[in-house]
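Down below is the structure, laid out as structure tokens.
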Amino acid sequence: MGRVLDILQHPHPLLRSVSRQMAEFGAPLRELAENMLATMYAARGIGLAAVQVGDPRCLIVVDVSPSQIDPHVMVNPRIVQADDTQRVRDGCLSVNEGRTVAYTTRAKRIVVDYRDLDGTWKRMKATGLLAAVIQHEIDHLDGRLFIDLLEKAVA
């Protein structure tokens with residue numbers, strides 16, 4: 001497996017940048033994905049965007065399986081359909097090292113188009129937790145954090 005990388009913490013300015021779309025695929029991208037998975041698993045996370053480890057490429061990794069055996073690696077992901085809403089418990093490895101948790105509202109069902117590590121376009125339907133995590137990680141690629149989705153308290 002890959003090596004564990006440092007995870008940037010809010011308010012690091014790179015976390016607010018828009019990630020760049022990938023046009024080249026190969027060994028360096030595959031190595032980054034392996035390192036991101038190792039980092040995510042070491043931090044006990046279920047999703048990670050490349051920008052969180054200081055790389056502004058449009059790449060996310062997600063694994064919501066209880067035994068961490070079903071990783072999804074998505075290059076240039078984009079949501080093409082979103083239906084219904086769900087209230088989800090949300091947290092982030094880049095916000096207080098994952099110790100801050102709050103509720104957000106996200107789509108319950110999504111369809112996401114992405115490229116795999118070979119550059120082949122794929123389409124995935126996701127529901128529930130998997131859908132929420134994919135949305136969270138795609139937000140990172142657009143320079144958004146889950147704390148941006150929290151409702152402001154009314155005084």
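Position 1 is the first residue of the sequence; numbering continues from there.
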Task: Donor-acceptor contact present, side-chain E137 to main-chain M74, <3.5 Å - done: no
Open item on the list: Using only atom types and a distance under 3.5 Å, with no angle test, would you say the side chain of D84 pairs donor to acceptor with the backbone of K108?
Closed with: no
Taking [Y] as the starting point, is it possible to reach [X] by hopping between hydrophobic residues whose side chains are less than 4.5 Å apart?
| X | Y | result |
| --- | --- | --- |
| V95 | L150 | yes |
| V62 | I110 | yes |
| I138 | L59 | no |
| L141 | M22 | no |
| V64 | V73 | no |

Open item on the list: Which residues pass the side-chain hydrogen bond (donor to acceptor under 3.5 Å, both in side chains) test with R16, not counting sequence neighbours?
Closed with: D148
TODO: May I have the step-by-step check of side chain to side chain contact (heavy atoms under 4.5 Å, CB included) for R78 and V112, ending in yes or no?
DONE: CA-CA 5 Å; R78 65 175 185 250; V112 60; 5.7 Å; no
So, for [X] and [Y], which heavy atoms are closest and what is the spacing to 0.1 Å?
| X | Y | value |
| --- | --- | --- |
| I79 | A82 | CG2-CB, 4.3 Å |
| F25 | L117 | CB-O, 3.5 Å |
| R89 | V101 | CG-CG1, 3.3 Å |

Taking distance alone, no hydrogens or angles, what donor-acceptor pairs closer than 3.5 Å link side-chain atoms of residues 31-55 to residues at least two apart or in another chain?
from : atom 1 : to  : atom 2 : distance (Å)
N35  : OD1    : R3  : N      : 2.8
N35  : ND2    : E31 : O      : 3.4
T39  : OG1    : L5  : N      : 2.7
T39  : OG1    : N35 : O      : 2.7
Y41  : OH     : D63 : OD2    : 2.5
Q52  : OE1    : A49 : N      : 2.8
Q52  : NE2    : S94 : OG     : 3.0
D55  : OD1    : R57 : N      : 3.1
D55  : OD1    : R57 : NE     : 3.0
D55  : OD2    : R57 : NE     : 3.2
D55  : OD2    : R57 : NH2    : 2.8

[atom1]/[X] to [atom2]/[Y] distance, rounded to the nearest 0.5 angstrom?
| X | Y | atom1 | atom2 | answer |
| --- | --- | --- | --- | --- |
| I7 | L15 | CD1 | CG | 10.5 Å |
| Y103 | Q86 | OH | CD | 12.0 Å |
| S17 | H12 | OG | NE2 | 9.5 Å |
| N96 | Q9 | CG | CD | 7.5 Å |

- [ ] Please tell me if the side chains of C92 and H140 come closer than 4.5 Å, counting only heavy atoms from C-beta onward.
- [x] yes
Open item on the list: With a 4.5 Å cut-off on side-chain heavy atoms, are V111 and M124 touching?
Closed with: no
Open item on the list: Considering only residues two or more places apart or on different chains, which pairs with a residue in residues 90-99 satisfy salt bridge (charged side-chain N to carboxylate O under 4.0 Å, His left out)?
Closed with: D90-R106, E97-R99
Open item on the list: Under the rule for side-chain contact (heavy atoms from CB on, under 4.5 Å), what residues qualify as partners of T127, not counting sequence neighbours?
Closed with: R109
Kindly list each side-chain donor-acceptor pair under 3.5 angstrom involving residues 128-135, sequence neighbours excluded, with atom names and distances?
from : atom 1 : to   : atom 2 : distance (Å)
Q135 : OE1    : A107 : N      : 3.0
Q135 : NE2    : A107 : O      : 2.9
Q135 : NE2    : A131 : O      : 2.9

Task: Pairs meeting criterion side-chain hydrogen bond (donor to acceptor under 3.5 Å, both in side chains) with involvement of residues 115-125, two or more places apart - done: R30-D118, D113-R123
Task: Pair R144 + D139, salt bridge at N-O below 4.0 Å - done: yes
Task: Worked check of side chain to side chain contact (heavy atoms under 4.5 Å, CB included) between C58 and R20 - done: CA-CA 5 Å; C58 207; R20 71 176 194 274; over 6 Å; no
